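Have a look at the structure below before the remarks.
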Amino acid sequence: MNYWLFKTEPNVFSIEDLKNSPNKTCFWEGVRNYQARNLLRDDIKKGDSVLFYHSRVEPIGIVGLAVVTKAGYPDKFAFEPSHKYFDPKSKPENPTWYGVDVKYVRHFPRVLTLTELKANKELSKMVLTQKGSRLSIQPVTESEYNTILDLSK
DNA sequence: GCCAACGTTGGC
DNA sequence: GCCAACGTTGGC
């Protein structure tokens with residue numbers, strides 16, 4: 001089992017939105033970055049654990065947990081000309097963009113703020129805490145994941 | 001809302 | 001294949 005961190009702007013799609021989705025599950029749509037796409041398509045598997053991160057809007061930080069319920073499959077919104085995530089270079093026979101299904105697990109009792117995470121020495125190598133880091137789908141090591149779960153208690 | 005840091009595009 | 005111009009992300 002592997003660990004990941006998914007970023008989202010809560011005014012676009014929040015952890016509450018995931019919780020309120022049918023079966024508390026949603027397709028993680030709209031990723032249009034190749035590095036993140038490679039992770040979604042090739043590396044993220046059913047049963048992997050996801051740290052749910054709220055960006056841009058205070059409080060910025062990790063707000064809870066989700067789980068992957070279906071591994072990477074094509075993002076069909078890229079095929080729809082009227083959709084905001086339409087991309088003409090992605091074809092159904094050779095899709096460019098992928099997503100996974102994620103299901104709400106739980107909120108943390110408190111938000112683990114970016115400030116707090118950056119100040120934690122055990123998380124100094126974490127992708128999220130690096131300067132200029134803006135990858136929206138990030139790998140998280142087991143030790144980083146365990147540190148974060150401990151902090152959340 | 002600003003803007004630094006990235007990522008992508010396209011002319012050459 | 002370089003790199004300037006442009007577009008996007010996301011902390012502040």
Side-chain angles (χ1 to χ4, degrees), chain A residues 2-21 26-44 48-68 71-141 143-145 147-152:
Chain A
N2 287 304
Y3 308 95
W4 310 96
L5 181 144
F6 285 18
K7 279 186 197 171
T8 175
E9 294 189 34
N11 48 357
V12 177
F13 187 79
S14 71
I15 193 167
E16 288 295 331
D17 294 328
L18 181 62
K19 187 181 181 182
N20 293 330
S21 297
C26 217
F27 177 66
W28 202 263
E29 68 185 58
V31 172
R32 296 291 178 268
N33 167 281
Y34 287 100
Q35 205 177 337
R37 185 283 309 270
N38 291 345
L39 296 174
L40 289 167
R41 186 187 60 188
D42 304 331
D43 298 323
I44 301 179
D48 285 357
S49 190
V50 173
L51 300 169
F52 203 103
Y53 179 86
H54 281 174
S55 67
R56 275 186 64 89
V57 179
E58 294 289 345
I60 293 170
I62 301 171
V63 293
L65 286 179
V67 64
V68 177
Y73 62 104
D75 184 340
K76 65 179 185 302
F77 297 113
F79 309 142
E80 296 175 15
S82 62
H83 201 277
K84 66 172 174 171
Y85 292 131
F86 176 63
D87 183 346
K89 64 180 178 296
S90 186
K91 303 293 181 191
E93 63 275 16
N94 185 21
T96 306
W97 304 116
Y98 284 72
V100 298
D101 284 350
V102 292
K103 182 172 186 175
Y104 172 85
V105 174
R106 63 183 173 91
H107 278 72
F108 284 157
R110 64 189 187 85
V111 177
L112 305 184
T113 65
L114 180 62
T115 308
E116 175 183 1
L117 299 174
K118 279 185 167 172
N120 190 305
K121 288 193 174 63
E122 293 179 57
L123 301 177
S124 62
K125 300 269 178 61
M126 195 179 177
V127 177
L128 183 73
T129 60
Q130 306 309 302
K131 187 169 192 266
S133 169
R134 46 179 236 185
L135 191 60
S136 65
I137 304 287
Q138 304 181 354
V140 175
T141 69
S143 79
E144 288 163 353
Y145 183 83
T147 298
I148 284 162
L149 282 202
D150 284 345
L151 282 174
S152 75

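Quick note on labels: first sequence line is chain A, next is B, and so on, each numbered from 1. Scope of the values below: all heavy atoms of this structure, side chains included, with no hydrogens, waters or symmetry mates. In this text the structure is predicted, and so the values were computed from the model without any measurement.
- Sorted pairs that involve residues 100-109 of chain A and meet salt bridge (charged side-chain N to carboxylate O under 4.0 Å, His left out), not counting sequence neighbours, are lacking altogether.
- For Tyr85(A), the ring pair (Phe, Tyr, Trp, His ring centres under 6.0 Å) test picks out His83(A), with sequence neighbours left out.
- Residue pairs meeting the ring pair (Phe, Tyr, Trp, His ring centres under 6.0 Å) criterion with at least one member in residues 113-133 of chain A: none, sequence neighbours excluded.
- Remark: Phe52(A) engages Trp28(A), His54(A) in a ring pair (Phe, Tyr, Trp, His ring centres under 6.0 Å) (not counting sequence neighbours).
- Closest-nucleotide positions on DNA chain B for Lys89(A) and Gly132(A) were compared, and the one nearer the 5' end corresponds to Gly132(A).
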_For a quick check, with a 4.0 angstrom heavy-atom cut-off, what is the B/S/- contact string for nucleotides 2-10 of chain C, read 5' to 3'?_
-----BBBB

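- With sequence neighbours left out, Phe108(A) forms a ring pair (Phe, Tyr, Trp, His ring centres under 6.0 Å) with no residue at all.
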